[in-house]
Amino acid sequence: MAKKAKTQFICQECGYVSPKYLGRCPNCGRWNTMVEEAVQDTEDRRNRVSLTGEKAQPTLLKDVVFKKETRIETQLAELNRVLGGGVVPGSLVLIGGDPGIGKSTLLLQVSHQLAATGGKVLYVSGEESAQQIKLRAERLGSSDTDFYLYPETDMGEISRVIEKIKPEFVIIDSIQTMTQPDISSVAGSVSQVRETTAELLKLAKTNGIAIFIVGHVTKEGNIAGPRMLEHMVDTVLYFEGEKHHSFRILRAVKNRFGSTNEIGIFEMRETGLVEVANPSQVFLEERLEGATGSAIVVAMEGSRPILVEVQALVTPTVFGNAKRTTTGLDFNRISLIMAVLEKRAGLLLQNQDAFLKAAGGVKLNEPAIDLAVAVAIASSYKEKGTEATECFIGEIGLTGEIRRVNSIEQRIKEAEKLGFKRVYLPKNNMGDWKAPKGVELIPVATLGETLRKVFK
């Protein structure tokens, strides 16, 4: 009698393993995500062996020879900024984003630029044929570049090709299409994603190959597959943008070789992605002078200050409950600020609908935007505009105080660069540093004091 194959049930959301079927995953709480998979009796593939056959051995820390790796810079300064200064040899970089946002376009341009530096590039595609990639390369003006195309999904074959070609850079598009031949589950399952990523990690670390992985995202905006996928890689980048805007934001949410929350801004054109050198000017160029419900904030994205217009529209409600709508801003943060405005500043907002957005499609989620949001709401409510040359920086507490923020000098220098003459900032941020010439600093301690000074 044939021996019955062992099976287990794996949650496709979080990777939880159960010996029997469960309707609801006890780890992540999702329903109907448990899929049956066969337990594979395979030999361990996790030994780190380089392409030259050398195995990793235990080494004393004091005996480890440190070699300072030189980063390889691409021609996209915005991408270099997000990566922390360039591509690190032996790094594993995961790029996620919505379908059609430009992930493959970005990596095709990067492949062209890395090949131009003399590096050997292997572009592995599990979603497109070589002819389709060639067609897109012609549109981007990089069809004459010497880098390898390999339409394949079998991880075993891909490893053999990497061993044969010995590239310095590998692009995997996408990880959800790759399969390990000795695992019976379908492509994109938790087991397949985990094992193929582990194989790529081994290749990257033992051979010094920089590998870029494209990852699909779920409807919630998270990278599809187990959460451990983001823990395994060195860098996680999210490619963001709205379908109705041409601007794209590349955001680092994890980076072992640089700062997190760094962003790079690109514009999608017919010839590909073009970097935006001065995003603050782009976000402010369509601002209507003298309009009510508008305030400028200097937000920090990683180490980069960006000036963004916060817009608010406050109108009397026609329903029993007032409506609150936000775009690019956190809904809970807006509710908190409106409650503080009503309690501490005397604005009757409970019978007012409020619509707020960060202009230009950018997403703001740091405490320093609070003051600008409050001023924009008050401006629309009072029907009084703010000056075109003033901006607002500060966090608002529940008692109405304006709390200090970080990187205040960088923020004010960026405001001065774009011609702003007056900056409202927390009183506790005033120190022994000197403001740029021509910029008036107005320290404020409370929200009520700020509104009195702005709308005097």
Side-chain angles (χ1 to χ4, degrees), residues 291-300 305 307-317 321-358 363-387 389-409 411-412 415 420 422-431 433 435 439-456:
T292 61
S294 171
I296 303 299
V297 62
V298 189
M300 291 297 296
L307 277 84
V308 181
E309 180 187 6
V310 176
Q311 296 178 337
L313 180 62
V314 178
T315 60
T317 184
N321 296 322
K323 187 177 181 181
R324 310 280 187 253
T325 303
T326 64
T327 303
L329 300 166
D330 182 58
F331 178 83
N332 293 325
R333 184 183 295 276
I334 299 305
S335 299
L336 182 149
I337 293 171
M338 293 187 72
V340 175
L341 278 168
E342 185 155 348
K343 184 75 173 179
R344 309 297 178 189
L347 301 187
L348 188 61
L349 298 172
Q350 57 187 302
N351 59 353
Q352 303 284 322
D353 289 338
F355 307 90
L356 289 99
K357 70 174 293 186
K363 294 179 181 177
L364 301 177
N365 192 24
E366 68 150 340
I369 69 171
D370 289 358
L371 189 58
V373 170
V375 170
I377 293 170
S379 171
S380 180
Y381 180 80
K382 293 174 178 287
E383 285 294 329
K384 293 181 180 179
T386 59
E387 295 291 331
T389 57
E390 60 188 18
C391 62
F392 306 88
I393 307 166
E395 178 186 358
I396 296 176
L398 292 180
T399 59
E401 80 278 13
I402 308 300
R403 306 176 72 89
R404 70 166 72 237
V405 298
N406 62 355
S407 309
I408 192 66
E409 292 181 70
R411 297 175 195 261
I412 291 174
F420 285 83
R422 188 181 300 148
V423 179
Y424 290 82
L425 74 163
K427 189 175 183 179
N428 290 333
N429 270 122
M430 298 294 290
W433 53 278
V439 177
E440 179 189 0
L441 300 182
I442 303 178
V444 289
T446 65
L447 181 57
E449 178 191 353
T450 306
L451 298 184
R452 286 193 297 272
K453 288 182 177 180
V454 174
F455 304 111
K456 56 188 175 184

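Everything numeric here is computed off the predicted structure, so don't read it as measured data.
Taking CH2 of Trp433 as the reference point, atom CD of Glu409 lies at 6.0 Å (rounded to 0.5 Å). Of the inter-residue distances, the one linking Ile393 atom CD1 with Asn429 atom CG reads 8.5 Å to the nearest 0.5 angstrom. Separation of atoms CG (Leu307) and CZ (Phe420) is listed at 5.0 Å; rounding is to 0.5 Å. Distance check: Thr450 OG1 to Phe455 CZ gives 10.0 Å after rounding to the nearest 0.5 Å. The distance from atom CZ of Phe331 to atom CG of Leu356, rounded to the nearest 0.5 Å, is 10.5 Å. Remark: Gln352 CD to Ile377 CD1 distance equals 11.5 Å, nearest 0.5 Å.
Between the Ser379 side chain and the Gly293 main chain, a donor and an acceptor come within less than 3.5 Å of each other. Without hydrogens or angle criteria, Glu342 side chain to Ala339 main chain gives no donor-acceptor distance under 3.5 Å. In this structure, Ser380 contributes its side chain and Val314 its backbone to a donor-acceptor pair below 3.5 Å. When atom types are taken as modelled, the side chain of Asp370 and the backbone of Glu395 share no donor-acceptor pair closer than 3.5 angstrom. At distances below 3.5 Å, at least one donor-acceptor pair connects side-chain atoms of Thr386 with backbone N or O atoms of Ser294.
For the pair Arg422 and Tyr424, the minimum side-chain heavy-atom distance is below 4.5 Å. For the pair Gln350/Leu348, a side-chain contact is recorded, criterion being any heavy-atom separation below 4.5 Å from C-beta on. At a threshold of 4.5 Å between non-hydrogen side-chain atoms, the residues Ile442 and Leu425 do not count as touching. The shortest distance between side-chain heavy atoms of Leu441 and Val439 falls below 4.5 Å. The closest side-chain heavy-atom distance from Arg324 to Phe355 is not below 4.5 Å. In this structure, the side chains of Leu364 and Val310 come closer than 4.5 Å at one or more pairs of heavy atoms. Using a 4.5 Å heavy-atom threshold, the side chains of Asn365 and Arg333 count as touching. A heavy-atom distance below 4.5 Å is not found between the side chains of Lys357 and Thr326.
Ion pairing between Glu449 and Arg344 fails under the 4.0 Å rule for side-chain N and carboxylate O. Ion pairing of Arg403 with Glu401 is present here, as a side-chain N (NZ or NE/NH1/NH2) and a carboxylate O approach within less than 4.0 Å.
Looking at Asn406 and Arg411, their side chains do bring a donor and an acceptor atom within 3.5 Å of each other. Between the side chains of Gln311 and Glu309, at least one donor-acceptor pair of N or O atoms lies under 3.5 Å. Between the side chains of Thr317 and Asp353, at least one donor N or O lies within less than 3.5 Å of an accepting N or O.
Residues Lys453 and Pro443 approach most closely at NZ-O, 3.4 Å, considering heavy atoms. Between Gly394 and Val405, the closest heavy-atom pair is CA-CG1, 4.0 Å.
The local environment of NZ in Lys323 is sparse, with at most 12 non-hydrogen atoms from other residues, nucleotides or ligands closer than 6.0 Å. Remark: Leu398 CG is loosely packed, at most 12 non-hydrogen atoms of other residues, nucleotides or ligands lying under 6.0 Å away.
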* Applying side chain to side chain contact (heavy atoms under 4.5 Å, CB included), run through Lys382 and Leu347 and close with a yes or a no. => CA-CA 9 Å; Lys382 293 174 178 287; Leu347 301 187; 4.1 Å; yes
* To do: Evaluate the criterion side chain to side chain contact (heavy atoms under 4.5 Å, CB included) for residue pair Leu447 and Leu371; output intermediate values, then yes/no.
  => CA-CA 8 Å; Leu447 181 57; Leu371 189 58; 4.2 Å; yes
* For side chain to side chain contact (heavy atoms under 4.5 Å, CB included), just list the numbers for Val423 and Phe392, CA-CA rounded to whole Å, side-chain angles, deciding distance to a tenth of an Å, and then say yes or no. => CA-CA 6 Å; Val423 179; Phe392 306 88; over 6 Å; no
* Evaluation steps, side chain to side chain contact (heavy atoms under 4.5 Å, CB included), between Ile369 and Glu366 -> CA-CA 6 Å; Ile369 69 171; Glu366 68 150 340; 3.9 Å; yes
